[in-house]
Each structure stands twice: as structure tokens, then as C-alpha cells.
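Step one of this worksheet: look at the structure below.
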Amino acid sequence: MKREPNKFEEAGQVLLQEINETGDEPTTQKRSLWSAIAIPVLAILTGLIIGAVLVAATSTSVYEAFEHSFGEGLRTIFIEVFTAYKALFTGSIGDPAKISNALGSGDDRLIRAAFNPFLESLVQATPYIFAGLAVALGFRSGLFNIGVEGQLFIGAACATYVGYAITGLPFIIHMPLAFLAGALGGALWGFIPGLLKATTGGHEVINTIMMNYIAFRLTEWLLSGAMTRPGSGGMPISPLIQESAQIPQFFQSPIRFHLGFFIALGVAWLVWWLLFKTKWGLNLRTVGANPRAAKYAGLSIGKSYAIAMAISGALAGMAGGVQILAVNRSMALGLSSGYGFDSIALALIGNNHPLGVVLTSILFGTLRNGATRMMVVSKIPVDIVDVMQAIILMFVAAPAIIRSLYRLRKPKQEEETAFVSGWGGGQS
Amino acid sequence: MSKKSLFIFAFLMIGSLILAACAPAAPKAEEPAVEEPAVEEPVVEEPVAEEPVVEEPVVEEPVVEESKFLVCQITDTGGIDDKSFNQTAWKGIEDAITDLGIEGKYLESQEVADYEKYLNAFIEEGCDLIVTVGFLIGDATAAAAEANPDNNFSIVDFAYDPPVDNIVGQIFQTDESAFLAGYAAAAVTKTGIVGTFGGLPIPTVTIFMKGFVEGVNYYNEVKGTDVVVLGYDLEDETKGLFSMDFDDQQKGRELAVSLMDEGADVIMPVAGPVGLGAAAAIQERGNAYLIGVDSDWYLTAPEYGAITLTSVMKMMDATTFQVIESVLDGTFTGGNIVGTLANGGLELAPFHDLSDLISAELQAELDQIQEDIIAGKIVLQ
């Protein structure tokens, strides 16, 4: 009983603060700019150092060299690690030597190949942006949407269906229609647990996880039944989508860079505007920050949850839609390598802010894309690459470790509220 | 900031500066170390005047092609150690590495969008042959082959109709060897019930189950017995037993347990790694036998060697090896190759530890059936 008044007081303050602040930029932003840049940079560096140990420890040639002599071993470690990281860099950003060679030769294909790494990183980042926005919007509204992966699958299936089944539409109508179908499918899949929470109080974490399983099996069933490609003999693969439904790629093979990246940026801006510039967004965030205070202020919590889950689902559906319409061109088993789950970490690292989500997505995309070249050049198995990425992301996600490691000063008041309320929101 | 943290920071900064400084220099020292001697050598040996002439052929890299012939494999989402087609195809490349002295690399796909990315990465790497695995990579492989007509491709377990000029599709008439396994299973069963289940109701899976059932039926016909097959219906293939999954071993365990509960004492799981779950369940009960698929499970899953009766082998390693050889000796042409018992693309694995169960008589019958299938005397549906 003693805590109750405190909580209300605190909540009231949050509410007041939110109302008084028009923008999302706290006044302390400038002071923490240094730590905002230093911490990710140091985290990546630390992650790379630990990753280097991992690369060295799992390389057989290092052990062989150490058997030969100690100096040889050290030299081999340096070469192995250096080769791996050089590949990570050239695979995700580009190889300066290759770019200048290609430009010198004037061969179109070579130039495209030379500039591909950087653009491919953005291609990789695109589904992360949508999925990350979905999770971030959920967190901001006090909802922990673990169902992004399932919403992504349903969105992809809807986009695929509209993409191949409807014929004769011009591009200008068909492509947006297919993309919106994806968003709608995801929205429906998100709305159901949102509605359940609003009306029955069923916890969204449990319900979204269960909805994931339904989505996975449903799409598998559709792919090997109603949506299967004619003549494939029941293979779980859909027909190719119509050309008019494809999100255009800007260049020829091998560059896959497509319009979807810019759509993602636009949607990120839209989410930011909705969350921070509209009264509706303020209500949403108020419910997220403290549902009791919001109730006290006369807001409808249930309505807010249901709408937030639907929008979150729509964003997740767009992630599936963009992969189908811009990259895969048909739906098959193995659609996603876990975008919906990675995006939970991603949204938290990005501080549940659209800009943070975009930047973190580009980091994720860059790491994933660079890993391909690293695997090709150094023959590092994909599992080691996964572990390395996880370590880097862990350090990015845990600034406290980095601060204590490098004795950085703690910033005064961070926007930690969004993190906490994501968990606590379910208690109401 | 304390002095210590400054020190650490400075160390990191200097370290990264050194790394950065090395970056442009390294390519010359490292990567092209193999390539460049090919360029430099003629320059050193021949007069300097030749240099401008020499520079042109550098792009062709004729020497490099001979010294390291590169075969690259892209797995589907099952991964390189799937005890199935990815692993078997890679074994073909490994064999070629030891026997033919080539170099091999692989990339494991984690999702559909990886296929095209990995194909591009390998084309960029200059692979002499790119091997992709499975029907799901079919579209991406065809697109890459069209965009890169000078590169050679081969795809395992998939065929193009019409054939593509620079892709070799490797497909298998698997029901032939599954027929033999079915016959052997019918001879070995004590309960008169054998079972099978698949990963998904797709042709590359159901062809195993179909051949297996036909082999059992043939045994019944010849011997006048009444051995029953659970898990597959020749009349309606959709009524079969499927795990709907190629990863989850728990499902394989559940399906095997339910088959054993129904009395089956020989089980053939056709679902990649899912079959390992079935193997574990069979080993726990200890009163049933397993028939492996794709590779010889006695060798690839030795922990279940004691219960592995035999395996229906798709020799994807042999066909992949063949394709590699054809690229090496310049006879590579696009098209489809079909593995059969006749051309060694299919085999029934030895019975290993359980060969006591197979009488000399039965072995002779199996040999006869194999000859009859090859000769076309036994015609499969």
C-alpha cells in the first residue's frame, strides 16, 4: 500500500514530462552525445577483439603453426585474424582496390560487383528495419511483441498471394497492393493477441508465441497445398510473383539493392512522426510508460493495446512482404533466418527509437553481409560467425559492461523507462 | 577519465590504426600471393620490353586456373551436416579434393534470401563449378546461370525442363534401391509389419516410400506372405505419415514410437536429420531396426550402427564427383543426369553388423532383383 502513491506520483511526472516535451530529444542529449557514439564504437571493438580470439582458437592452421614454433603460431594468428576481418570489411563495405580497378577498367559488370558489398548490406538491413520498428513500437506501447516472426510469415504469404494470383494490374497499383496485403496480413496476426489482451487480459507474450506456431504451420500447409507452384509436384514453394508486383531493383545482377530500403526509411520516419508528433502517439506512449497513470488520465488502455499490436503486426508483415516482393520473388520454406527474434535485440539496442532501429538494422545487415565474404575467404563456419556477431551485439546491448570496462562515466538519466515498461506492461 | 582507461583507449586506437594502416598493403602480401607470381614470373624471366604485352593476358589468369580448381557448394537451409543431400554432395567434393587435388568451399544458407547472395559471392570468388543443393535453390540457380553464362553450375536433386546449357541437374530414380530395401525389410520383419515416414509429401521423398512399399509387395507376391507397410499408401500418397519438417528430431522420435506401437519392427525414415530422432527411439526400445536413407547411416551415424539394417543410398557424392571431373577435363555440358542402380548412382548399403539376419539365400535374391531391375524385368510404377 505504501508504494502505490509513489507509483502514481512517478507516473504523473512521466505524463507531465511527456506533455511538456514536444520533441523526443531530451535536453541532456548533447552531453551524452559522446557516450552515445563512444559506447557502440567501443562495443564493436571489444566484440571484434573477442571474436579474434575465437577465430584463432577455432582455426586448425593456428594449432599446426604453434606445434612448429611459438613465433610461427603468433604470426599465423595475426594472418588468420587479419584475413577474416579484412574479408568482413571488404564484404560489407567494399574493397577500395577492387573499386578503383573496376572504375579504371570501365567494365559495367566489374563496377557493379565492386559496389555490391555496401548496397547488399542495405538489402540485408531492410527486413531488419521493418521488424525492428514492429518490436520498438510494441515496446513503446508497453507490449512485448514476440510474434513478429509469425506476423512476418503471414505478411509474406499474403503479399505472395496477391503478387501471383492477381493478374493484369499495372505496376503502380499491383506492387503497392501486394505490399499492403502483406501489411494487412501482419496487422491481422498482431491484432488477434492485441484484442485478446484488451478484452480478456491474456498475456501478449504467450499469445504471440502461440500465434507464431500457428503462422509457421499455416504457411507450410498453404505452400504445400493451396499456394503450391503448379508442376512442382507439391514442393513447398509458391509460384513466382507477377512482374508488376515486384519491388524494383535499381541495378542489374549481382546488385540486389531495391526500392524497399527507401520504403523502410519512409516507414521509419512515419513511425517516428506517429509516436512523437501526434496526440495519438502520446497516448500510446503514456499507456506504455504507465498504464495506471494513463487510465487515471482517462485513456482507453484496451483500445491502445489492440491498435498498437495491429500496427506492430503491420510493420512485421511489411518485413515479410518486402523480402518476397523485392528479393525472393516467391515464397518457400526457409523464408526467414529469424528476423522476428533478432529484431527484439535490435529494437532494444536501438533504444526503441525509429532512428536507433534504422542505425542498428544497418549494423546488423552489415555484419551479416560481411560474414558471407568472411566465410568464403577464411572458411570460418557459419556457426562461429553467428557466435561472433552475438558477442558484438551483446556488448552493444550491454553498455554497462563497456562503461565499466573502459571506466566511462554513466550518463545522468537515460530513457530506460521504455525497457522496463515493456515487461511491466503486462501486469496491469 | 582515469589514466588507466585513457591507456586502454589509446591502446585500442593505436591498434586499430595499425590494422587500418595494414589494410591496403595486405592484399599484395596475402591474397594475390597465389595469383601474382603468375603475373610476375614471366616479367622476371622475359625482357622488360615484353611487359606491356604481358599485362593484357593477366586478366585471363590461365596459370591460376590450373593451380587451384575451385568447386563451391551452397547448401539449403538443412546445413552441411544434414546426413542427407547437402552432406553427401559435399562428400563428393571432399573426395575430389583428395583424389583430384582441387579446392573446395561451401556456404550454409540460413534463409531463402541467402541463395542468390551466396551464388553471387561464389561467382565473385571465381569458382569453376558451383554446386547447389535441393529444389528450393532451383530458381536462384537458374537465374544465376542465365546472368552468368560463362560459369558452370550443378544442382543436386533437381532437374530443369528444358535443360539449361550451363547447369547439370542431378536426379535419382530412388525407388529402385528403395525397392531392394523394402524386399529386405519384408524378409527381416518378425511381426509382419514394417513402417516408413517422410519429411514432406514431395516427389524426392515419396519416391523412397513408394519404392519401399513396392519392394514389400513384391516379397509378398513371391513368398505368399502378408507383410504390411505402415506410413505410405500407394493409392493416395497424401495419406502417408509425414513429419512436415526436416529439422526437428523430436518429431522423428514421436513418429517412430507410434509406428513401433503399431507393431512395426523395421522403420525407414525419409526426412533427413529428423530420422536421427527415429533412430534414437528405436535404439531405446531395442526391438526394431532402422533403414537409413541418402548416405550409409552405418558410417554417417555410427552411434546407431547396431540397429541400422541397411541404407537406401543416393550416391550424390558419385554424381557430384562425375560433374567435377567433367568440368576438369573440359567435357562439361548442361543437361540432366539420372542416377540409377545401373549407372551406380544408387546403391543399397551393406548390412554391416546385422549381416547375420541376411541369409545367403536372401542375399542371392536381392542380387537377382537388382539385376532384374537393371535389365528392366522388374518394372516399377
Side-chain angles (χ1 to χ4, degrees), chain A residues 38 42 45-46 49 79 82-83 85-86 89 91 95-97 105 113 116 120 123-124 127 217 220-221 224 231-237 240 252-256 323 327-339 368-369 372-373 375-377 379 381-383 386 405-409, chain B residues 1-2 4-6 8-9 12 15-16 19 22-24 26-31 59 72 76-80 105-125 135-136 138-140 143-144 146-148 161 200-204 206 237-238 244-246:
Chain A
L42 288 176
L45 264 176
T46 317
I49 290 168
I79 291 173
F82 181 77
T83 319
Y85 283 157
K86 194 180 134 243
F89 182 83
D95 188 342
S105 75
N116 187 36
E120 179 65 26
V123 172
Q124 295 277 312
R217 297 292 99 83
E220 272 169 27
W221 177 74
S224 46
S232 73
M235 299 277 190
I237 186 165
L240 287 168
Q252 281 169 299
S253 164
I255 299 181
R256 302 198 284 178
Q323 283 301 83
V327 180
N328 295 350
R329 313 285 202 207
S330 74
M331 188 169 173
L333 284 191
L335 166 71
S336 156
S337 58
Y339 290 111
R368 267 202 67 172
N369 184 34
T372 305
R373 180 96 194 117
M375 288 188 281
V376 170
V377 172
K379 291 195 192 174
V382 69
D383 311 285
D386 281 347
L405 208 59
Y406 299 99
R407 307 287 159 86
L408 295 181
R409 211 174 304 136
Chain B
M1 255 192 177
S2 70
K4 197 176 172 190
S5 65
L6 254 177
I8 295 172
F9 190 66
L12 281 174
S16 58
L19 278 176
C22 290
K28 274 164 205 150
E30 263 309 303
E31 213 181 70
V59 191
C72 306
D76 77 347
T77 50
I80 198 79
K105 285 181 176 179
Y106 67 82
L107 284 172
E108 293 179 271
S109 303
Q110 292 175 309
E111 57 167 320
V112 175
D114 282 346
Y115 300 152
E116 193 184 349
K117 182 174 71 157
Y118 287 176
L119 280 160
N120 286 335
F122 274 149
I123 289 163
E124 182 70 18
E125 184 68 7
F135 64 92
L136 289 178
D139 286 344
E146 196 187 337
N148 303 277
D161 184 31
L200 282 171
I202 53 177
T204 46
T206 51
E237 59 187 44
T238 56
M244 298 309 283
D245 195 306
F246 286 105

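It should be emphasised that the depicted structure is a prediction, and the values quoted were computed from it without experimental measurement.
In this structure, chain B has no heavy atom under 4.5 Å from any part of A:Phe89. In this structure, no portion of B:Asp76 lies under 4.5 Å from any heavy atom of chain A. Neither the backbone nor the side chain of B:Asp161 comes within contact range of chain A, judged by heavy atoms closer than 4.5 Å. Using a 4.5 Å cut-off between heavy atoms, A:Arg368 contacts chain B through both its backbone and its side chain. Only the side chain of A:Ser330 comes within contact range of chain B, with at least one heavy atom under 4.5 Å from a heavy atom of that chain. There is no contact between B:Phe246 and chain A, counting heavy-atom distances below 4.5 Å. A:Leu240 touches chain B through its side chain: at least one heavy atom from C-beta onward sits under 4.5 Å away, while N, CA, C and O do not. Only the side chain of A:Gln124 comes within less than 4.5 Å of a heavy atom of chain B; its backbone N, CA, C and O stay farther away. Using a 4.5 Å cut-off between heavy atoms, B:Pro201 contacts chain A through its backbone alone, with no side-chain atom that close. Proximity to chain B (any heavy atom under 4.5 Å) is shown, for A:Pro127, by neither the backbone nor the side chain. For a residue to count as touching a neighbouring chain, one of its non-hydrogen atoms must lie under 4.5 Å from one of that chain's; by this rule B:Ile123 touches chain A with the side chain only.
With A:Ser336 contributing its side chain and A:Gly338 its backbone, the two residues share a donor-acceptor pair below 3.5 Å. Looking only at distances, no side-chain donor or acceptor of B:Lys105 sits under 3.5 Å from a matching main-chain atom of B:Cys72.
Residues satisfying the side-chain contact (heavy atoms from CB on, under 4.5 Å) test with B:Glu116, not counting sequence neighbours, are A:Arg256, B:Asn120. The ring pair (Phe, Tyr, Trp, His ring centres under 6.0 Å) test applied to B:Tyr118 returns no partner, not counting sequence neighbours.
Between the side chains of A:Asp386 and B:Gln110, at least one donor N or O lies within less than 3.5 Å of an accepting N or O.
The minimum heavy-atom distance between B:Thr77 and A:Gly334, with the atom names listed, is CG2-CA, 4.4 Å. Scanning both residues, B:Leu136 and B:Tyr115, for their nearest heavy atoms gives O-CE1, 3.6 Å. In this structure, A:Ala113 and A:Pro254 approach most closely via the heavy-atom pair CA-CG, 4.2 Å.
For the set A:Pro236, A:Ser224, A:Ser253, the entry with the most heavy-atom pairs within less than 4.5 Å of chain B is A:Pro236. Taking chain B as the reference chain and counting heavy-atom pairs below 4.5 Å, the highest number among A:Val376, A:Leu335, A:Val327 is found for A:Val376.
For the atom pair CZ of B:Phe135 and CD1 of A:Ile237, the computed distance is 7.0 Å after rounding to the nearest 0.5 Å.
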